[in-house]
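All remarks here apply to the structure that follows.
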Amino acid sequence: MVTSALASPLCTWLVAACASGAFEKDDLMRSSTFQSPKRLSQWPRRKKLVSKFISRGGTDFATNLRSYGSGNHYLMSSSLAFEPCNECNNSEGLYSRMTFFGDTGFLLFGSKTAVSRRQRCIHRAANSGKITAGAIRTANGVTTNEKQLKKQRRVVVTGMGVVTPLGDDPDVFYDNLLEGVSGISEIQNFDCAQFPTKIAGEIKCFSTDGWVSPKLSKRADKFTLYLLTAGKKALADAGITEEVLGVLDKSRCGILIGSALGGISIIEDGIAALRVSYRRMNPFCIPFVTTNIGSALLAMDLGWMGPSYSISTACATSNFCILNASHHITSGTCDMMLCGGSDAAVLPTGLGGFVACGALSERNSEPTKASRPWDMKRDGFVIGEGAGVLLLEELEHAKRRGAKIYAEFLGGSFSSDAYHITEPRPDGSGVVICIEKALANSGVAKENVNYVNAYATSTPTGDLTEYQALIHCFGKNPELKVNSTKSMTGHLLGASGAVEAIATIKAIQTGLVHPNMNLENPDDGMDMNVLVGQKKEPLDIKVALSNSFGFGGHNSSILFAPYK
């Protein structure tokens with residue numbers, strides 16, 4: 001243990017040695033002897049000398065240190081000014097000081113450009129004698145300063161884009177939801193006579209004109225085209241014009257849009273071509289299948305050089321993307337993130353796959369009544385297709401550019417059922433854990449959540465399990481209202497979370513929550529004071545929660561609130 005008498009001189013020597021190392025490196029870079037063994041061997045010599053100095057102790061240590069050559073010379077002749085280190089006047093202060101020299105190396109010294117703003121703040125706090133445990137790196141690698149930064153950076157929604165069976169504009173889409181219009185009908189894009197299910201939330205009319213180049217429109221999968229269109233519509237909705245794009249710091253703009261199934265049509269076409277010859281296959285077959293391709297193409301188009309990737313967690317994909325996108329903003333990595341999900345699985349492979357696992361409704365004679373969450377006669381979900389994209393933005397960044405703010409994103413969380421590939425955990429504990437973690441992470445009290453856009457897909461076990469979890473968490477709130485967008489859109493798979501997030505934000509904006517269509521005979525134990533009926537209802541939303549779950553037991557919950 002170094003004594004108090006040695007602490008201050010040792011700290012001074014460390015400063016000198018480190019600064020010397022930095023300046024010597026600069027000298028070496030300018031000389032032709034950059035790899036000189038003589039220069040590179042100086043640090044071991046200093047280690048021996050410091051041991052010698054310490055063994056002498058007290059005043060002799062400081063005297064010998066001052067007599068040592070180039071280190072102090074470089075320090076004194078440089079423009080770097082180090083304030084006296086009051087913390088180093090005792091051994092305890094020195095120990096606190098030394099914590100900065102661990103695995104991360106000598107981060108506080110050397111080139112000014114190599115030191116981050118946060119590190120400079122920590123250095124100033126240390127030199128002023130105000131360093132606390134909050135500024136020291138903790139076991140999980142996060143400092144109090146970082147936590148404060150995250151808390152200060154609020155995330156808001158400034159743009160929305162949709163491609164759905166109910167319309168390609170957020171206002172049109174939500175107006176149709178409020179009026180109880182159904183987007184479910186007989187499938188027209190292919191012959192489905194061989195399948196027991198012949199209905200879907202199919203997009204009948206879709207155009208990429210003005211959004212995607214004709215060449216790409218011919219080559220790419222529909223899920224990619226839906227994604228690109230919805231993404232650019234979200235930017236247009238946010239007022240991100242060519243002029244605004246030109247002044248954005250594109251290294252701080254990112255894209256995180258996922259897909260549950262990716263390019264199914266590209267796979268189908270590729271297999272058909274392979275039966276003839278591999279030479280007949282599309283050379284872009286593999287890239288256009290991957291779930292990340294939409295984010296990548298959109299980044300290329302916009303020139304956004306921040307994080308660009310996808311997450312695929314089945315039907316929970318969008319929520320995972322939205323929440324992780326928000327983390328890029330709260331952490332200070334990005335100022336803007338396009339996020340959401342897209343899927344286009346109304347195809348023979350998609351329909352056949354879901355039929356094979358017994359998940360789809362067979363109410364072909366009444367397509368608009370087939371999706372009926374919480375109703376006793378529900379017999380499975382209705383597959384749908386589309387995309388939803390939100391533009392998340394750091395609040396101050398949005399305010400500086402005069403953006404319209406639709407809602408504030410409060411946060412959320414994830415959990416895993418760890419139970420079954422397709423069935424939810426019967427006791428609903430995975431969903432409860434997810435919701436409670438989302439509330440805790442967002443700093444939201446249960447009593448403040450008075451609206452839930454539920455996952456509710458119209459399956460016998462899934463609807464009941466989620467309802468019970470919601471009652472467990474929020475049942476004491478007399479204002480609570482719960483509905484399911486899927487009663488009119490069908491299940492949009494990986495796109496469902498983002499589309500439903502947009503429906504949730506529109507509910508906050510309009511003060512109206514859309515009906516639960518086809519809820520004619522509620523399942524046993526359902527409280528119709530909680531579930532919205534078959535007509536829209538007014539609601540002054542305090543905090544809204546949106547759930548999404550996926551095959552494999554993926555649970556996700558995200559929270560929005562009016563911006564204040």
Side-chain angles (χ1 to χ4, degrees), residues 260 313-320 354 357-361 370-384 412-440 446 449 451-477 480-487 489-494 496-497 500-501 504 516-532 544-559:
T313 48
C315 302
T317 289
S318 284
N319 278 12
F320 274 70
F354 283 112
C357 67
L360 298 184
S361 170
S371 183
R372 42 198 319 115
W374 300 298
D375 189 81
M376 291 186 69
K377 295 183 178 179
R378 64 189 183 277
D379 66 335
F381 72 81
V382 177
I383 189 173
S413 191
F414 317 120
S415 74
S416 175
D417 274 351
Y419 174 74
H420 190 271
I421 294 176
T422 59
E423 292 295 319
R425 183 175 284 274
D427 62 4
S429 58
V431 176
V432 171
I433 289 170
C434 183
I435 293 172
E436 290 183 342
K437 285 173 64 179
L439 295 172
K446 289 183 178 181
V449 177
Y451 171 57
V452 176
N453 188 298
Y455 179 64
T457 61
S458 187
T459 58
T461 56
D463 290 9
L464 183 58
T465 300
E466 183 183 14
Y467 175 84
Q468 291 171 341
L470 292 175
I471 295 301
H472 173 86
C473 293
F474 308 113
K476 294 182 180 180
N477 186 345
L480 181 66
K481 290 295 179 181
V482 179
N483 62 8
S484 172
T485 304
K486 294 180 182 70
S487 62
T489 62
H491 189 2
L492 307 188
L493 309 178
S496 61
E500 289 157 18
T504 301
N516 283 311
M517 297 307 296
N518 307 318
L519 184 52
E520 298 166 351
N521 299 294
D523 207 343
D524 293 338
M526 300 292 173
D527 184 352
M528 288 306 296
N529 291 319
V530 171
L531 296 175
V532 181
L545 180 140
S546 182
N547 283 334
S548 281
F549 315 133
F551 281 175
H554 304 291
N555 303 314
S556 60
S557 299
I558 55 177
L559 294 129

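Throughout, numbering of the chain's residues begins at 1 and tracks the sequence.
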Handout entry: Non-hydrogen atoms of G380 and S361 that approach each other most closely
Key = O-CB, 3.5 Å
Practice task
With the side chain counted from C-beta on, respond yes when N547 and N453 share a heavy-atom pair under 4.5 Å apart, and no when they do not.
Solution key: no
Problem - Separation between OG1 of T461 and CZ of R425, rounded to the nearest 0.5 Å - result: 14.0 Å
Completion exercise
For A454 and K486, the nearest pair of non-hydrogen atoms, with its separation, is O-NZ, 4.3 Å
Handout entry: Distance (rounded to the nearest 0.5 Å) between S496 OG and H491 NE2
Key = 5.0 Å
Practice task
Evaluate side chain to side chain contact (heavy atoms under 4.5 Å, CB included) for Q468 paired with V431, printing each intermediate quantity in order.
Solution key: CA-CA 10 Å; Q468 291 171 341; V431 176; over 6 Å; no
Practice task
Could you tell me the separation between the CG atom of N555 and the CG atom of D417, rounded to the nearest 0.5 Å?
Solution key: 4.5 Å
Exercise for the section: Considering non-hydrogen atoms only, spot the tightest contact between C473 and V432 and give its length. Expected result: SG-CG1, 4.1 Å
Handout entry: Closest contact, heavy atoms only, V382 versus A370
Key = CG2-CB, 3.7 Å
Handout entry: Contact summary for A501 and S546, nearest pair of heavy atoms
Key = N-OG, 4.3 Å
Problem - Gap between atom CG of L531 and atom NZ of K481 - 0.5 Å precision - result: 8.5 Å
Problem - Expected output: side-chain S548 to main-chain S556 donor-acceptor under 3.5 Å - result: no
Exercise for the section: Give the intermediate values and the outcome of side chain to side chain contact (heavy atoms under 4.5 Å, CB included) for residues T465 and Y455. Expected result: CA-CA 11 Å; T465 300; Y455 179 64; over 6 Å; no
Exercise for the section: Decide yes or no on side chain to side chain contact (heavy atoms under 4.5 Å, CB included) for W374 and S484, but give the supporting numbers first. Expected result: CA-CA 9 Å; W374 300 298; S484 172; 4.0 Å; yes
Exercise for the section: Report yes or no: does N521 contribute a side-chain atom to a donor-acceptor pair with the main-chain N or O of D375 at less than 3.5 Å? Expected result: no
Practice task
Could you walk me through whether D463 and T457 pass side chain to side chain contact (heavy atoms under 4.5 Å, CB included), step by step?
Solution key: CA-CA 7 Å; D463 290 9; T457 61; 4.2 Å; yes
Exercise for the section: List in chain and number order the residues that pass side-chain contact (heavy atoms from CB on, under 4.5 Å) with T313, two or more places apart in sequence or in another chain; answer none if no residue qualifies. Expected result: I311, A316, T317, F320, H554
Fill in the blank from the handout: On a heavy-atom basis, the closest approach of G428 and A469 is O-CB, 4.2 Å
Practice task
Would you mind reporting whether M526 and M376 have side-chain heavy atoms less than 4.5 Å apart?
Solution key: no
Handout entry: Check: D524 and L464 side chains under 4.5 Å, non-hydrogen atoms
Key = no
Exercise for the section: Taking ring-ring contact (aromatic ring centres under 6.0 Å, His included) as the test, write out the residues that go with F354, two or more places apart. Expected result: F381
Practice task
Output yes when E520 and R372 qualify as a salt bridge under the 4.0 Å nitrogen-oxygen rule, no when they do not.
Solution key: yes
Handout entry: Donor-acceptor pair, side chain of N518 and main chain of S371, under 3.5 angstrom
Key = yes
Problem - Among T504, L545, V482, L480, the one residue meeting side chain to side chain contact (heavy atoms under 4.5 Å, CB included) with Y451 - result: T504
Practice task
Take N516 and S487, measure what side chain to side chain donor-acceptor pair (under 3.5 Å) needs, and give me the verdict at the end.
Solution key: CA-CA 6 Å; N516 283 311; S487 62; 4.9 Å; no
Problem - Gap between atom CD1 of I435 and atom CG of L470 - 0.5 Å precision - result: 5.0 Å
Handout entry: Pairwise distance CG(N319) to OG(S413) - rounded to 0.5 angstrom
Key = 11.0 Å
